[in-house]
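Each remark here refers to the structure printed beneath this line.
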Number of protein chains: 2
Amino acid sequence: MQIQIDMENPEPMYAQLVRQVKEAVKQKAIQPGDALPSIRQLANDLELNSKTVAKAYSLLERDQVIQTRGYRGTFVHPEARSHCNTDVATEIRGALKKTLDAMRNAGATDSEIRIAFNELMNQTR
Amino acid sequence: MQIQIDMENPEPMYAQLVRQVKEAVKQKAIQPGDALPSIRQLANDLELNSKTVAKAYSLLERDQVIQTRGYRGTFVHPEARSHCNTDVATEIRGALKKTLDAMRNAGATDSEIRIAFNELMNQTR
DNA sequence: ATATGTACCATGTGTACGTCTGGTACATAT
DNA sequence: ATATGTACCAGACGTACACATGGTACATAT
């Protein structure tokens, strides 16, 4: 399993890491149940900050591509192959686009849409 | 009809102007059909840039509170009283909030939601 | 002691946007 | 000539955020 992080690439490092892990699962370079390097270990190997790797791992776990088991380490999720094609962010883009189109058709300014968006996002709720 | 613009107020000047015109219509300080000062005239009186007043007027016209008739000037819309309570931006907040809640419930990060939002907003379409 | 994932504190850099400003130009009609 | 609304060009300033970095601390279990 080869991971290459290009710091010149405009794609964020954590995103490169997420993408490459998913690709490795698809290409069966890593199998469900396989152990992954620890956050600190991988950060050291790739010469990244551990926080950057931790961010990628947390996203991979949310998408159920990996499983973290605390002190026992991190492993490829048993159902990783069926999950590595799903991206939560992409899944919902459709609904958001539909809403934004409706707002624009109603005559709302892009500026107003952005303001409304920011206000809703900043609510602690 | 009194218009007061407070430059120290965090509320944008154009927004103050829009709000105060709508309030004047509600309180019947100005009647449907009444002529409003021209953009340049009002900008001069309030010591604002004409672009700022023009922005407020364009929003007021979109909300059908005023009517601009080119060289003939600007007038209070005949149906202003029924329109001065409607705010396009507010009208649609509900749908947007619903969509955002759905995204969060699906596990999307606030960061991911913002990125998806910006990408959709920046599409020329 | 060592290692795991996780949580919190913080800083710096770059980008994007809102707001307001300024100038110029146009077609309209008086 | 004068005045109307409108459109385009541009810049400055402040704010908000994504990204990446740094450190410290915790409970967990070996």
Side-chain angles (χ1 to χ4, degrees), chain A residues 5-18 35-62 66-75 77 89 108-123, chain B residues 5-18 35-62 66-75 77 89 108-123:
Chain A
I5 301 297
D6 180 9
M7 302 191 53
E8 307 304 320
N9 191 325
E11 183 184 14
M13 301 182 194
Y14 80 89
Q16 293 183 43
L17 186 48
V18 168
L36 289 170
S38 74
I39 288 179
R40 291 174 180 80
Q41 181 64 49
L42 187 54
N44 191 57
D45 292 349
L46 300 177
E47 296 179 347
L48 297 180
N49 188 285
S50 59
K51 307 287 289 297
T52 304
V53 179
K55 181 173 184 177
Y57 270 30
S58 71
L59 289 174
L60 285 167
E61 186 178 30
R62 187 202 57 186
I66 66 174
Q67 272 183 338
T68 59
R69 301 184 193 165
Y71 65 95
R72 291 182 223 99
T74 304
F75 303 86
H77 192 283
T109 306
D110 277 19
S111 173
E112 286 174 329
I113 296 177
R114 284 202 168 88
I115 291 174
F117 174 81
N118 285 328
E119 286 182 9
L120 290 174
M121 290 298 289
N122 290 339
Q123 290 176 5
Chain B
I5 301 297
D6 179 10
M7 303 192 52
E8 308 303 321
N9 193 324
E11 184 184 15
M13 301 182 194
Y14 79 90
Q16 293 183 43
L17 185 50
V18 168
L36 289 170
S38 75
I39 289 179
R40 292 174 179 80
Q41 181 65 46
L42 187 53
N44 191 57
D45 292 349
L46 299 178
E47 295 179 348
L48 298 179
N49 188 284
S50 60
K51 305 289 289 294
T52 304
V53 179
K55 181 171 184 178
Y57 271 31
S58 72
L59 290 174
L60 284 168
E61 185 177 31
R62 187 203 57 187
I66 67 175
Q67 272 183 336
T68 60
R69 301 183 193 165
Y71 65 95
R72 292 181 223 101
T74 304
F75 303 87
H77 193 282
T109 305
D110 277 18
S111 173
E112 286 174 328
I113 296 177
R114 284 200 169 89
I115 291 172
F117 174 80
N118 284 328
E119 285 183 9
L120 290 173
M121 289 298 288
N122 290 339
Q123 289 177 5

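Within every chain, numbering begins at 1; the chains are lettered A, B, ... in the order of the sequence lines, protein sequences first and strands thereafter.
Between A/F75 atom CZ and C/dT4 atom P there is a gap of 11 Å when expressed in whole angstrom units. Here the P atom of nucleotide C/dC20 and the CD atom of B/E47 are 15 Å apart, to the nearest Å. Separating the CG atom of A/N44 from the P atom of C/dT4 is a distance of 11 Å, rounded to the nearest angstrom. Nucleotide D/dA20 holds its P atom 12 Å from the CG atom of A/L59, rounded to whole Å. Taking atom CD on A/E119 and atom P on C/dG18, their separation rounds to 13 Å, with Å as the unit. In this structure, CG of B/D110 is placed 16 Å from P of D/dA16, rounded to the nearest angstrom. Nucleotide D/dC19 holds its P atom 14 Å from the CD1 atom of A/I5, rounded to whole Å. For B/L42 and D/dA3, the CG to C1' distance is 16 Å, given to the nearest whole Å.
For the pair A/Y71 and B/R72, nearest-nucleotide mapping onto DNA chain D gives the more 5' position to B/R72. Nearest-nucleotide assignment on DNA chain D puts the 5′-proximal partner with B/G70, out of B/G70 and B/E112.
In this structure, B/S38 does not reach the D/dA3 phosphate: none of its side-chain N or O atoms is under 4.0 Å from OP1 or OP2. Contact check, A/T68 against C/dT6: a side-chain N or O comes under 4.0 Å of OP1 or OP2. Put simply, A/N49 has no side-chain N or O that comes within less than 4.0 Å of OP1 or OP2 on D/dC19. For the OP1/OP2 pair of D/dG5 and a distance below 4.0 Å, the side-chain nitrogens and oxygens of B/Y57 include no atom meeting the criterion. OP1 or OP2 of C/dC17 sits under 4.0 Å from a side-chain N or O of B/N122. Applying the 4.0 Å criterion to OP1 and OP2 of C/dC17, one finds that A/S111 has every side-chain N and O outside that range. Checking the phosphate oxygens (OP1, OP2) of C/dT19, no side-chain nitrogen or oxygen of B/T52 falls inside 4.0 Å. Residue B/K55 places none of its side-chain N or O atoms closer than 4.0 Å to OP1 or OP2 of C/dC20. The side chain of A/T74 contributes an N or O atom lying less than 4.0 Å from OP1 or OP2 of C/dG5.
Contact annotation for B/R114: backbone-only contact, meaning every heavy-atom pair under 4.0 Å involves sugar-phosphate atoms and none involves a base. Contact annotation for B/S58: no contact, since no heavy-atom pair falls under 4.0 Å across all strands. B/Q67 comes within 4.0 angstrom of no nucleic acid atom, judged by non-hydrogen atoms across all strands.
Residues B/A56 and B/Y14 share a closest heavy-atom pair of CB-O, 3.7 Å. In terms of heavy atoms, B/D110 sits closest to A/M121 at CG-CE, 3.7 Å.
The OG1 atom of A/T52 lies 6.5 Å from the CE atom of A/M13; values are rounded to the nearest 0.5 Å. With values rounded to the nearest 0.5 angstrom, A/L42 atom CG is found 8.5 Å from A/L36 atom CG.
B/Q41 places no side-chain N or O within 3.5 Å of a backbone atom of B/S38 that could act as its donor or acceptor partner. Proximity of a side-chain donor or acceptor of A/N44 to a complementary backbone N or O of A/R40 within less than 3.5 Å is not detected.
Across the strands present, C/dA29 finds its partner in D/dT2; the criterion is a Watson-Crick or G-U wobble pair with both atom distances under 3.5 angstrom. Nucleotide C/dT24 forms a Watson-Crick or G-U wobble pair with D/dA7, both donor-acceptor distances falling under 3.5 Å.
Evaluation of atom-type donor-acceptor distances gives a pair under 3.5 Å for the side chain of A/K51 against the base of D/dG23. Scanning atom types as modelled, no donor and acceptor separated by under 3.5 angstrom connect the side chain of B/R69 and the base of D/dG5.
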